[in-house]
*Asks:* 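For reference, the structure I am asking about is given below.
Note on naming: letters A, B, ... go to the chains in the order of the sequence lines (proteins, then strands), and numbering restarts at 1 for each one.
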Protein chains: 2
Amino acid sequence: MNTEHRSGCPINLSLEVFGDRWSLIILRDIIFGGRRHFRELLNGSIEGIASNILADRLKRLMELGLLTKADDPSHKQKAIYSLTEMAITLVPIMAHLGAWGRVWLPVSEELSIRAELLEKGGPPLWDRFMDELRHEHLGAPVKTPPGTATVRRQLQAAYEAVVARKPQATAG
Amino acid sequence: MNTEHRSGCPINLSLEVFGDRWSLIILRDIIFGGRRHFRELLNGSIEGIASNILADRLKRLMELGLLTKADDPSHKQKAIYSLTEMAITLVPIMAHLGAWGRVWLPVSEELSIRAELLEKGGPPLWDRFMDELRHEHLGAPVKTPPGTATVRRQLQAAYEAVVARKPQATAG
DNA sequence: CGATCTGCTTGCATGTTGCAATCAGTTGCA
DNA sequence: TGCAACTGATTGCAACATGCAAGCAGATCG
């Protein structure tokens with residue numbers, strides 16, 4: 001690990017953590033895609049990350065304290081990656097990044113529906129989502145009332161609804 | 001300009017814009033430092049950007065629509081860089097990045113006071129600041145009542161106060 | 001026992017970065 | 001007029017990062 005810093009500016013230090021083309025993408029897939037294994041991250045990546053880059057970034061993110069790694073009891077060679085609180089608190093930043101991208105960049109409809117819902121839900125939704133992640137990744141007790149649809153499932157359902165609607169829109 | 005995108009995901013597209021180690025640093029210096037010229041950005045950079053990288057990033061940010069360039073009437077070879085609305089709307093993201101960095105990373109006190117104030121001020125302060133930037137960079141009319149201290153000046157004053165206090169703290 | 005899956009590494013070609021030096025044109029001053 | 005300082009860049013070069021394809025050893029399944 002390189003422990004030298006260019007400056008003590010918070011924006012700079014944040015950029016030193018995820019100011020590259022892959023780190024946030026990996027965290028995004030873990031946070032919103034629910035991926036926990038190396039292969040899931042590798043094969044599920046729509047951006048097509050290379051395996052050596054993925055391995056390098058996972059290692060880096062662990063060293064930086066954003067991820068932890070544990071054995072998967074179902075398979076002795078499988079590893080489960082978990083978010084730390086440090087990574088979970090990136091949810092608002094992800095939401096803002098998504099909102100900004102939706103306004104200014106050529107986003108695709110199906111991939112931006114999640115960002116749209118996250119933006120509309122605002123901080124209350126982000127908090128709910130972060131609590132879910134804490135439960136999932138840190139084993140924290142669930143705070144949401146039982147039976148409530150999880151935020152990730154809501155986002156996923158909305159995504160699938162857009163995908164399902166797409167061919168109809170083309171046909172009609 | 002590379003117009004190929006890895007995916008239409010808003011987070012990914014945002015990362016393609018400023019997912020590198022310098023673009024946001026440059027925008028930060030323009031937004032919070034009020035720097036408008038090449039030399040100001042080059043010599044004022046605490047992170048020590050190289051001139052070729054600066055030239056490259058300024059060009060890139062212009063092509064991406066985050067900056068515009070105009071002649072400085074006082075000097076035929078001087079250029080003035082201005083933020084576009086696209087760049088001004090990054091203020092909330094900067095604020096969140098700063099807030100996150102302040103919590104999790106080894107920030108220095110004097111360089112994080114701005115982030116602290118920005119966080120405490122919340123969206124209302126960000127909006128005021130963005131209006132100031134619109135006035136400064138886009139020639140928009142000022143919305144704040146006359147006589148109000150500008151947000152940038154407030155942040156700058158707070159920074160200088162911390163710097164001035166520092167030697168005392170060491171001595172006493 | 002062999003096919004497949006696991007996380008991860010290696011080799012290699014290419015692209016990006018950072019540093020120092022340098023560029024030509026502009027300006028201010030003597 | 002002469003000349004140093006300053007303007008926004010550009011160049012050469014070494015180091016580093018990236019992406020792709022192939023390969024690794026151990027675990028699991030049938």
*Asks:* Picking from dT17(C), dA20(C), dT9(C), which would you name as closest to the side chain of Ser51(B)?
*Replies:*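 Closest nucleotide among those given: dA20(C).
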*Asks:* From CD1 of Ile53(A) over to C1' of dG11(C), roughly how many Å is that when rounded to an integer?
*Replies:*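 It works out to 14 Å between those atoms.
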*Asks:* Step by step, work out the salt bridge (Lys or Arg N to Asp or Glu O under 4.0 Å) result for Glu160(B) and Arg165(B).
*Replies:* CA-CA 9 Å; Glu160(B) 282 162 13; Arg165(B) 206 177 55 226; over 6 Å; no
*Asks:* Taking the nucleotide of DNA chain D with the nearest heavy atom to each, does Pro73(A) or Asn52(A) sit closer to the 5' end?
*Replies:*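 That would be Asn52(A).
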*Asks:* On the 0 to 90° scale, with breaks at 30° and 60°, tag the His96(A)-His96(B) ring pair as parallel, tilted or perpendicular.
*Replies:*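 Ring orientation, 0 to 90° scale: tilted.
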*Asks:* Whether the side chain of Gln77(B) and the base of dG8(D) hold a donor-acceptor pair under 3.5 Å is what I'd like checked.
*Replies:*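 Not at all, since no donor on one side and acceptor on the other fall under 3.5 Å apart.
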*Asks:* May I have the distance from Leu54(A) (atom CG) to dC8(C) (atom C1'), rounded to whole angstrom?
*Replies:*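 So the CG-C1' distance, Leu54(A) to dC8(C), works out to 9 Å.
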*Asks:* Could you please name the option among dG19(D), dT7(D), dG7(C) that lies closest to any side-chain atom of Ala50(A)?
*Replies:*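 Closest nucleotide among those given: dG19(D).
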*Asks:* Assign each of Asp56(A) and Arg6(A) to its nearest nucleotide of DNA chain C by heavy atoms, then name whichever residue's nucleotide is nearer the 5' end.
*Replies:*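 It is Asp56(A), whose closest nucleotide lies nearer the 5' terminus.
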*Asks:* Both Ser74(A) and Arg21(A) contact DNA chain D. Taking the nearest nucleotide for each, which residue is further toward the 5' end?
*Replies:*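 Counting from the 5' end, the first nearest nucleotide belongs to Arg21(A).
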*Asks:* Could you tell me whether Lys69(B) contacts a base, only the sugar-phosphate backbone, or nothing, with contacts defined as non-hydrogen atoms closer than 4.0 Å?
*Replies:*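 Sugar-phosphate contact only - Lys69(B) comes under 4.0 Å of backbone atoms but never of a base.
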*Asks:* Does the distance from a Lys or Arg side-chain N to an Asp or Glu carboxylate O, for Asp72(B) and Arg36(B), drop under 4.0 Å?
*Replies:*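 Looking at Arg36(B) together with Asp72(B), the answer is no, because their closest N to O distance does not fall below 4.0 Å.
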*Asks:* What is the distance, to the nearest angstrom, from the CG atom on Asn43(B) to the C1' atom on dG8(D)?
*Replies:*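 It is 12 Å, rounded to the nearest whole Å.
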*Asks:* Of the candidate nucleotides dC8(C), dG19(D), dG12(D), which contains the atom at the shortest distance from the side chain of Phe38(A)?
*Replies:*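 So the nucleotide nearest the side chain must be dC8(C).
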*Asks:* Tell me the interatomic distance from Leu15(B), atom CG, to dT18(D), atom C1', rounded to whole angstroms.
*Replies:*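 Going from Leu15(B) (CG) to dT18(D) (C1'), I get 16 Å.
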*Asks:* If you take the centroid of each ring, where Trp contributes its six-membered ring, are Tyr81(A) and Phe38(A) closer together than 6.0 Å?
*Replies:*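 Centroid separation for Phe38(A) and Tyr81(A): 6.0 Å or greater.
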*Asks:* Please report the distance, rounded to the nearest Å, between CG in Leu58(B) and P in dG8(D).
*Replies:*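 For the pair Leu58(B) CG and dG8(D) P, the rounded distance is 10 Å.
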*Asks:* Assign Arg57(A) to base, sugar-phosphate, or nothing according to its heavy-atom contacts below 4.0 angstrom with the strands shown.
*Replies:*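 Sugar-phosphate, backbone atoms only, no base.
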*Asks:* Could you state the atom-to-atom distance from NZ of Lys59(A) to P of dA17(D) in whole Å?
*Replies:*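 Computing the Lys59(A):NZ to dA17(D):P distance gives 12 Å.
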*Asks:* Check Glu85(B) with Arg134(B), please: is the shortest side-chain N to carboxylate O separation under 4.0 Å?
*Replies:*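 A salt bridge links Arg134(B) with Glu85(B).
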*Asks:* Taking 4.0 Å as the cut-off, does a side-chain nitrogen or oxygen of Trp22(B) come that near to OP1 or OP2 on dG18(C)?
*Replies:*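 So the side chain of Trp22(B) is within the cut-off, an N or O lying under 4.0 Å from OP1 or OP2 of dG18(C).
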*Asks:* Among dG19(D), dG7(C), dG8(D), which is the nearest nucleotide to the side chain of Lys78(B)?
*Replies:*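 Nearest to the side-chain atoms of Lys78(B), counting from C-beta on, is dG8(D).
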*Asks:* Between atom OH in Tyr81(A) and atom C1' in dT6(C), what is the gap in whole Å?
*Replies:*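 The answer, rounded to whole Å, is 11 Å.
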*Asks:* Measure from NE2 on His37(A) to C1' on dC5(C) and round the result to the nearest Å.
*Replies:*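 So the two atoms are 12 Å apart, to the nearest Å.
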